[in-house]
Amino acid sequence: MIICPICQANLSKQHKQWSCENGHCFDQAKEGYTNLLAVQHKHSKQPGDSKAMLQARQHFLNQGHFAFLAKAINQALTPLSVQRILDIGCGEGYYTDALCKEQEQAESVTGIDIAKDGIRMAAKRCQQAQFFVASNHRLPIADNIVDCVMRVFAPSDEQELLRVSKPGAYLLKVVPGAQHLSKLRQLLYKELQAHSEQAETMQGWRLVEQKKIAEEAVLNRQDMEALCMMTPFAWKKNQQLEQQLAAQSEFEMNFEFVLQIYQRD
């Protein structure tokens, strides 16, 4: 299932090393992940989310605020009985771990992210899955082998998704709902624009299900600060938000997601 990022030959694993027939070798780190991001494919020294963003997300998710989303993902996947699951842009592995715990029929669960710190966290969190540092635009996955790709707030390349997926495979996407975090966004923007819930038209895929899920929560200050740090809003803090974060101990927050399932033609 795993291919060499340099020559695209199949990789096989012996002990704690992946290698291909052309002599390219990749050592598994002590945490259990393997770095398959070739130097020539890196566009920065530390690509992907920063360590601070990943740690904030890990803290926030560990409080269970998005457990309802993980549950909805598993409920959507269970009837499909998928065998090989690929989680692209898996970050610190929260949803990958949830899949491993619930999708008992799955033969393999693989998580990929370009952020090395995120993959390190994921491998520590979940020993049942295999994790690789790699780009979603150059997946180290063989052709026509994946039964389901999961994409939670992650960018991807349409041709790569088609290449790695079997005919009839599924793509599960999670995108923000129209009013997601509107109570936070109204503190940052003069005019609040709703997120689009229009399903993306993707060549080679057809939409078979779309479902909105929402929940409200009361966050303490630490969780609220983590929420701000783990989102793009980390770069948009204004004085009003800073004052509220300093003055309040509890914050009402709204979460809204759209879960979309596509099937490959």
Side-chain angles (χ1 to χ4, degrees), residues 49 57 60-61 65-103 105-106 108-114 118 129 135-137 139 141 144-182 185 193-217 230-232 253-265:
D49 291 340
R57 188 180 303 133
F60 184 86
L61 294 173
H65 297 304
F66 284 1
F68 75 100
L69 175 56
K71 181 179 179 180
I73 289 171
N74 272 309
Q75 287 177 337
L77 285 185
T78 297
L80 305 181
S81 298
V82 290
Q83 300 297 307
R84 290 177 172 174
I85 304 174
L86 175 64
D87 184 6
I88 63 173
C90 68
E92 73 308 311
Y94 177 78
Y95 301 105
T96 326
D97 186 46
L99 289 179
C100 288
K101 290 176 178 177
E102 297 295 331
Q103 302 302 313
Q105 83 292 339
S108 66
V109 178
T110 302
I112 285 175
D113 200 283
I114 201 169
S135 169
N136 290 349
H137 298 278
L139 296 169
I141 304 296
N144 303 316
I145 200 166
V146 176
D147 296 297
C148 178
V149 179
M150 185 168 77
R151 191 179 127 188
V152 182
F153 320 125
S156 67
D157 180 274
E158 287 190 27
Q159 292 305 311
E160 277 293 88
L161 293 181
L162 285 172
R163 181 184 66 78
V164 303
S165 300
K166 291 179 179 179
Y170 295 95
L171 168 64
L172 188 151
K173 288 176 56 181
V174 178
V175 298
Q179 299 303 315
H180 181 56
L181 300 181
S182 60
R185 291 187 287 128
Q193 294 185 342
H195 294 294
S196 173
E197 296 180 358
Q198 181 67 39
E200 180 183 5
T201 300
M202 303 179 66
Q203 183 179 4
W205 300 88
R206 59 183 178 87
L207 183 70
V208 295
E209 183 181 350
Q210 178 163 308
K211 179 182 180 181
K212 182 186 288 189
I213 52 176
E215 191 161 297
E216 294 191 354
M230 71 185 236
T231 67
M253 193 51 55
N254 60 314
F255 309 120
E256 188 175 271
F257 304 104
V258 178
L259 191 153
Q260 300 165 340
I261 296 180
Y262 295 78
Q263 189 168 22
R264 186 181 170 187
D265 294 335

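Numbers here simply count residues along the sequence, with the first being 1.
Ring pair H65/F255 is tilted by interplanar angle, where 30° to 60° counts as tilted.
A donor-acceptor pair under 3.5 Å links the side-chain atoms of D113 to the main chain of G91, judged by distance alone. With hydrogens and angles ignored, the 3.5 Å screen pairs a side-chain donor or acceptor of E160 with a backbone N or O of L139. In terms of modelled atom types and a separation under 3.5 Å, the side chain of E158 and the main chain of S156 share no donor-acceptor contact. Side-chain atoms of Q260 do not come within 3.5 Å of backbone N or O of V175 as any donor-acceptor pair. For Q105 (side chain) and V82 (main-chain N/O), a donor-acceptor pair under 3.5 Å exists by modelled atom type.
Annotation: side chain to side chain donor-acceptor pair (under 3.5 Å) contacts of Q75 (sequence neighbours excluded): none. Partners of D49 under the side chain to side chain contact (heavy atoms under 4.5 Å, CB included) rule, at least two apart in sequence or in another chain, are M53, L54, R57.
Minimum heavy-atom separation, W205 to S165: CH2-OG, 3.5 Å.
Applying the ring-ring contact (aromatic ring centres under 6.0 Å, His included) test to every pair with at least one member in residues 144-165, sequence neighbours left out, gives these pairs: F153-F257.
Inter-residue side-chain proximity for L77 and Y170 is flagged as unmet; no heavy-atom pair is nearer than 4.5 Å. Under the 4.5 Å side-chain criterion, counting only non-hydrogen atoms from C-beta, L171 is not in contact with R264.
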